[in-house]
Number of protein chains: 2
Amino acid sequence: MKERTPSLDLLARLRSGDRAALSRLMSRAESGAVEARPTLAEVYRLAGRAHVIGVTGVPGSGKSTLVGKLVEALRRDARVGIIAVDPSSPYSGGAILGDRIRMSAVSGDDNVFIRSMATRGATGGMARAALDVVDLMDVAKYDIVIIETVGVGQDEVEIARASHTTVVVSAPGLGDEIQAIKAGILEIADIHVVSKADRSDANRTIADLKGMLALAAHAGPRPDWLPPVIGTSSYTGQGIDELISQIRRHRSVVGRERAAAIAAFRLQKTAEALLMERLARNSAAAREMYAVELAERRRDPYDAASKLLTAIFGEERP
Amino acid sequence: MKERTPSLDLLARLRSGDRAALSRLMSRAESGAVEARPTLAEVYRLAGRAHVIGVTGVPGSGKSTLVGKLVEALRRDARVGIIAVDPSSPYSGGAILGDRIRMSAVSGDDNVFIRSMATRGATGGMARAALDVVDLMDVAKYDIVIIETVGVGQDEVEIARASHTTVVVSAPGLGDEIQAIKAGILEIADIHVVSKADRSDANRTIADLKGMLALAAHAGPRPDWLPPVIGTSSYTGQGIDELISQIRRHRSVVGRERAAAIAAFRLQKTAEALLMERLARNSAAAREMYAVELAERRRDPYDAASKLLTAIFGEERP
């Protein structure tokens with residue numbers, strides 16, 4: 001049976017919480033297809049109700065386990081959507097984080113929806129696509145949307161930051177290089193979690209974080225919010241309730257201000273995605289010509305790129 | 001004493017291999033400053049002689065140690081430049097990989113130059129900046145330029161790919177999540193290295209990689225190059241000479257074709273950087289207005305971004 005007005009129909013189904021409609025619209029959002037935009041635009045206007053929680057941490061930090069436990073607790077009185085942004089192959093895509101959560105106790109629950117997004121899967125910008133997917137979950141009546149990303153790589157870190165509340169997960173006893181990468185993402189935390197708090201070396205990690213925060217507090221960018229440090233354990237359940245109460249507190253303290261920052265970020269990312277899309281248009285011949293001239297060092301990259309932009313956008317160049 | 005024509009003078013000094021001139025021009029390239037472009041354009045035309053080797057691998061794979069050993073061997077008959085692209089803080093920058101190499105035996109050698117670049121340090125695109133820095137080393141008479149990146153995150157992986165020869169380093173016995181990330185970068189390898197080959201579980205890692213490659217060979221994208229798998233050990237020195245001879249072989253088999261692909265990549269990245277720069281121009285008022293409308297859900301992101309582009313670029317929009 002053919003649908004006459006598939007998007008409108010899908011939208012109505014989305015608003016009633018229909019999982020199949022949600023899945024289908026998510027795929028469209030990820031594809032970056034121009035035809036999906038009127039629907040996504042409408043979805044955006046309807047959204048804005050859900051609380052978005054970014055959870056990030058280095059590999060091995062125990063993010064996915066924490067997300068599983070968090071969702072188990074949250075779903076007692078809320079519908080929870082999870083977007084797992086997976087580090088993935090440049091060629092084949094991938095779905096790692098999502099699979100881990102899917103294997104946990106929260107899968108199969110009607111009030112929980114898990115979506116994996118491969119880093120490379122999204123045409124026209126990962127951040128743009130992830131935020132569209134957040135809106136879809138929002139409109140499909142998920143009260144809380146969790147975005148989980150591996151805290152390495154600019155896109156991944158940015159996406160985690162574009163949440164109302166950003167949780168950074170640390171674990172005791174990781175390798176040197178991992179620790180060094182970790183240092184790079186600590187600053188984006190609204191809330192610090194130290195996972196595996198049942199381990200004897202966790203107290204050291206907690207103390208280190210608190211020391212760092214005390215130092216930063218003097219010149220801190222958030223006068224009204226000092227990020228708490230919470231030890232959690234997936235074995236004992238320790239810390240999960242405290243984490244949830246801190247997330248709620250953060251929402252009430254910083255919520256409004258953060259929503260404005262997210263809007264500015266989203267404007268930028270969408271503008272970038274539109275520009276990149278326009279850059280990709282109708283330029284195969286010019287692109288090939290300038291690439292050859294570059295390869296032969298007959299032209300420099302700035303000159304070639306500038307000429308390519310003129311070829312694509314005309315003399316009234318952007 | 002004031003220099004009258006600082007760039008020309010710097011360029012002359014660069015061409016003679018002057019390290020201070022190289023450092024200064026690298027900083028300019030990283031800053032993305034428009035004034036640096038004429039010099040960088042000239043540098044591009046003079047470059048193209050060095051062989052560029054990308055070395056990437058997941059955290060803990062032993063990349064930096066391998067690069068140290070590789071440089072120790074290569075510097076016997078070549079000048080070697082190293083660019084360590086560091087995973088780094090969104091706010092404060094960072095220099096981890098470079099520091100590790102700097103601590104190794106190759107530091108203090110006049111024929112070796114090590115430069116750390118923080119992922120976030122580069123204005124106008126990491127790839128654009130890294131490739132400009134490659135050219136600078138090239139013109140400063142470094143015969144081989146090694147770009148080391150952590151193999152997580154789209155930018156980092158892309159930069160490693162934009163080399164004449166891409167080496168992916170694996171290590172035995174890493175955690176699950178790391179292994180999963182690893183799977184995402186294996187496909188970009190021209191040469192696989194399994195580090196820590198003195199460990200008993202390294203043979204398993206080597207066998208796994210060979211198995212994967214045998215499967216991929218049937219539908220492989222490189223009919224004239226099957227990526228070799230080389231076990232290396234920084235304790236015994238095993239494999240380093242073989243790695244060097246495979247890098248040379250790869251250069252002779254695939255070199256020309258790869259240079260064309262790198263030129264196309266560079267054209268794209270430079271065009272993107274120029275577009276992003278133009279997007280950032282003179283738009284504070286429009287940007288703020290549309291962000292507010294977005295935050296209040298009075299406008300959707302596509303509409304707002306599209307209007308912002310028109311405000312910046314005019315009706316003849318890109």
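Lettering follows sequence order; numbering is per chain, from 1.
- By the side-chain contact (heavy atoms from CB on, under 4.5 Å) test, A:I262 pairs with A:H164, A:R258, sequence neighbours left out.
- Using a 4.5 Å heavy-atom threshold, the side chains of A:R278 and B:L275 count as separate.
- Of the residues considered (A:A260, A:A261, A:A263, A:P301), A:P301 shows the highest number of contacts with chain B, using heavy-atom pairs under 4.5 Å.
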Side-chain donor-acceptor pairs under 3.5 Å in residues 41-48 of chain A, sequence neighbours left out?
from: A:Y44; atom 1: OH; to: B:L294; atom 2: O; distance (Å): 2.6
from: A:R45; atom 1: NH1; to: B:R298; atom 2: O; distance (Å): 3.3

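- For the pair B:R266/B:V134, no side-chain contact is recorded, criterion being any heavy-atom separation below 4.5 Å from C-beta on.
- Your options are A:L131, A:L279, A:L308, and the one with the most heavy-atom pairs under 4.5 Å with chain B is A:L279.
- Contacts of A:I312 with chain B are absent, with no heavy-atom separation under 4.5 Å from either backbone or side chain.
- Counting heavy-atom pairs under 4.5 Å between each of A:A264, A:A295, A:A271 and chain B puts A:A271 at the top.
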